[in-house]
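Here the structure comes first, spelled out in structure tokens, and everything after it is commentary.
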2 protein chains.
Amino acid sequence: MQRLSKQRELVYFIVKQTNTHPTAEEVYQIARKSMPNISLGTVYRNLRQLSAEGRIREVQFGSAPDRFDGMLNIHEHFICTRCGGVSDIAPTLINPTLPGKIVSTYRLDYFGVCETCTSKKC
Amino acid sequence: MQRLSKQRELVYFIVKQTNTHPTAEEVYQIARKSMPNISLGTVYRNLRQLSAEGRIREVQFGSAPDRFDGMLNIHEHFICTRCGGVSDIAPTLINPTLPGKIVSTYRLDYFGVCETCTSKKC
DNA sequence: CTTATTGCAAAGGCTTTGCAGGATT
DNA sequence: AATCCTGCAAAGCCTTTGCAATAAG
């Protein structure tokens, strides 16, 4: 049976209230501020467990470290190829089906340049 | 300047003619059949270099090892959640744009159960 | 009291890299 | 000859795991 641990709830709230799709390391650094001797291993364990339970979601972008997302409703992502930022996008795919196949879900990532980077001409 | 090496061309042809989106390890195993002392490091180096040049493409599915794709034209993927197979899908996304953002490309993965796994009721 | 969870550190998997020898131009 | 590329092995990065101690129910 599952127990309620301070560490897990902390990890959960961090992912939930951070909209930047943090990596495990980032969650760890934030967590340490309020719980200095939480360990990286515990953060990883809880991220994995929370994902398995569906309380958060795991997303990968490129071969970089895994990121975690507290947004559970169906959404898509926009990845800025200049600043690397990841933002959530409301669903644009109207009818996610394919002939002859059973489609249960999909993942749609758009790549491009975000508003901020477009205005800064860096 | 770049030179023509037997190893790189072998890696290239393997990715090009294998439509299963092989991992580096799989490319390595295939390569060894015709070039027994090619090294894994060389396979990795060449996969990376070929991707950088745009001769092949790198794709990631989940946190599993990276996979490589010889199909260069725009296409989408269907990942069978039962057998793990990855197949190419002709573009279904009609208009890959987002208001206020410059979209240069996108990636669309469908997840579900493929025809084979649907018929086998395993 | 029972056992899920933790912190720590070691191990694991995949990938990259330093090096000296070999291949290509 | 110049230097790109290779094989090998070691190192690197991210993540998982074994263990004894701790905490939750």
Side-chain angles (χ1 to χ4, degrees), chain A residues 1-16 18 20-69 79 84 86, chain B residues 1-16 18 20-69 79 84 86:
Chain A
M1 223 227 61
Q2 168 151 166
R3 290 175 190 177
L4 186 68
S5 84
K6 293 183 172 60
Q7 288 86 341
R8 183 178 306 123
E9 293 312 297
L10 177 57
V11 166
Y12 173 69
F13 280 115
I14 290 171
V15 174
K16 213 61 184 177
T18 310
T20 54
H21 308 77
T23 62
E25 181 64 33
E26 288 164 348
V27 172
Y28 174 56
Q29 293 305 337
I30 297 170
R32 294 180 73 180
K33 292 177 186 166
S34 52
M35 193 183 283
N37 40 347
I38 190 173
S39 76
L40 226 203
T42 295
V43 171
Y44 271 103
R45 261 186 300 238
N46 283 319
L47 287 171
R48 192 152 43 102
Q49 187 171 331
L50 290 166
S51 303
E53 292 169 42
R55 295 181 66 193
I56 65 172
R57 191 175 286 168
E58 189 177 352
V59 279
Q60 278 107 14
F61 301 100
S63 44
D66 291 356
R67 289 165 169 270
F68 296 86
D69 192 341
I79 297 98
V86 179
Chain B
M1 222 227 63
Q2 168 151 171
R3 290 176 189 175
L4 186 67
S5 85
K6 293 181 171 63
Q7 288 86 341
R8 183 176 309 124
E9 292 312 297
L10 176 57
V11 166
Y12 173 69
F13 280 115
I14 289 171
V15 175
K16 213 62 184 178
T18 309
T20 55
H21 309 77
T23 62
E25 181 64 32
E26 287 164 349
V27 172
Y28 173 56
Q29 293 305 338
I30 297 170
R32 295 180 72 181
K33 292 176 187 167
S34 51
M35 193 183 281
N37 40 348
I38 190 173
S39 76
L40 226 202
T42 295
V43 171
Y44 271 103
R45 261 186 298 239
N46 284 319
L47 287 171
R48 193 152 43 102
Q49 188 172 330
L50 290 166
S51 304
E53 292 168 42
R55 296 181 65 193
I56 65 172
R57 190 175 288 168
E58 188 177 353
V59 279
Q60 277 107 13
F61 300 101
S63 42
D66 290 356
R67 288 164 170 269
F68 296 86
D69 193 342
I79 297 98
V86 178

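Sequence lines set the chain letters: A, B, ... in the order given, protein chains first and strands last, and positions in each chain run from 1.
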Whole-Å distance between [N] [atom2] and [X] [atom1]?
X       : N      : atom1 : atom2 : answer
B:Leu10 : D:dC5  : CG    : C1'   : 15 Å
A:Leu40 : C:dT6  : CG    : P     : 13 Å
B:Gln60 : C:dT15 : CD    : C1'   : 12 Å
B:Arg67 : C:dT15 : CZ    : P     : 11 Å
A:Tyr28 : D:dT15 : OH    : C1'   : 14 Å
B:Phe68 : C:dC14 : CZ    : P     : 13 Å
B:Gln7  : D:dC4  : CD    : P     : 16 Å
A:Ile38 : D:dT22 : CD1   : P     : 18 Å

Checking all strands, does B:Arg8 fall into the base, sugar-phosphate, or nothing category for heavy-atom contacts under 4.0 angstrom?
sugar-phosphate
Minimum-distance pair of heavy atoms, taken over all atoms of B:Ser51 and B:Arg57
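What the structure gives for the nearest pair is OG-C, 4.5 Å.
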Looking at the side chain of [X], which of [options] is the nearest nucleotide?
X       : options                : result
A:Leu4  : C:dT16, D:dT6, D:dG25  : D:dG25
A:Tyr44 : D:dG25, C:dC14, D:dC14 : D:dC14
A:Ser5  : C:dT5, D:dG7, C:dT16   : C:dT5

Once you round to the nearest 0.5 Å, how far does CZ of B:Arg8 lie from CG of B:Leu47?
11.0 Å
I want to confirm an ordering. Mapping B:Thr23 and A:Met35 to their closest nucleotides on DNA chain C, which one lands closer to the 5' end?
A:Met35
Step by step, would you call A:Gln7 with A:Arg45 a side-chain hydrogen bond (donor to acceptor under 3.5 Å, both in side chains)?
CA-CA 10 Å; A:Gln7 288 86 341; A:Arg45 261 186 300 238; over 6 Å; no
Please check the phosphate of C:dT17 (OP1 and OP2 only) for any side-chain N or O of B:Arg48 closer than 4.0 Å.
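B:Arg48 to C:dT17 OP1/OP2: side-chain N or O found under 4.0 Å.
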Does a side-chain N or O from A:Asn46 land closer than 4.0 Å to OP1 or OP2 of C:dT6, or not?
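Answer is yes, contact under 4.0 Å.
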Could you check A:Lys6 against B:Ser39 and say which one's nearest nucleotide on DNA chain D is further toward the 5' end?
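Mapping each residue to its closest nucleotide by heavy atoms, the 5'-most match is B:Ser39.
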Nearest-nucleotide wise, let me know which of A:Gln2 and B:Arg45 is further upstream toward the 5' end of DNA chain D.
B:Arg45
Cation-pi check, A:Arg55 to A:Tyr12: give yes when NZ or CZ is under 6.0 Å from the six-membered ring centre and within 45° of the ring axis, no otherwise.
yes
If you take atom types as modelled and just measure distance, does the side chain of A:Arg3 reach the base of C:dT3 with a donor-acceptor pair under 3.5 Å?
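Side chain to base: pair found, below 3.5 Å.
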Looking at side-chain heavy atoms only, is the closest gap between B:Val15 and B:Asp69 below 4.5 Å?
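Heavy-atom side-chain distance check fails, nothing below 4.5 Å.
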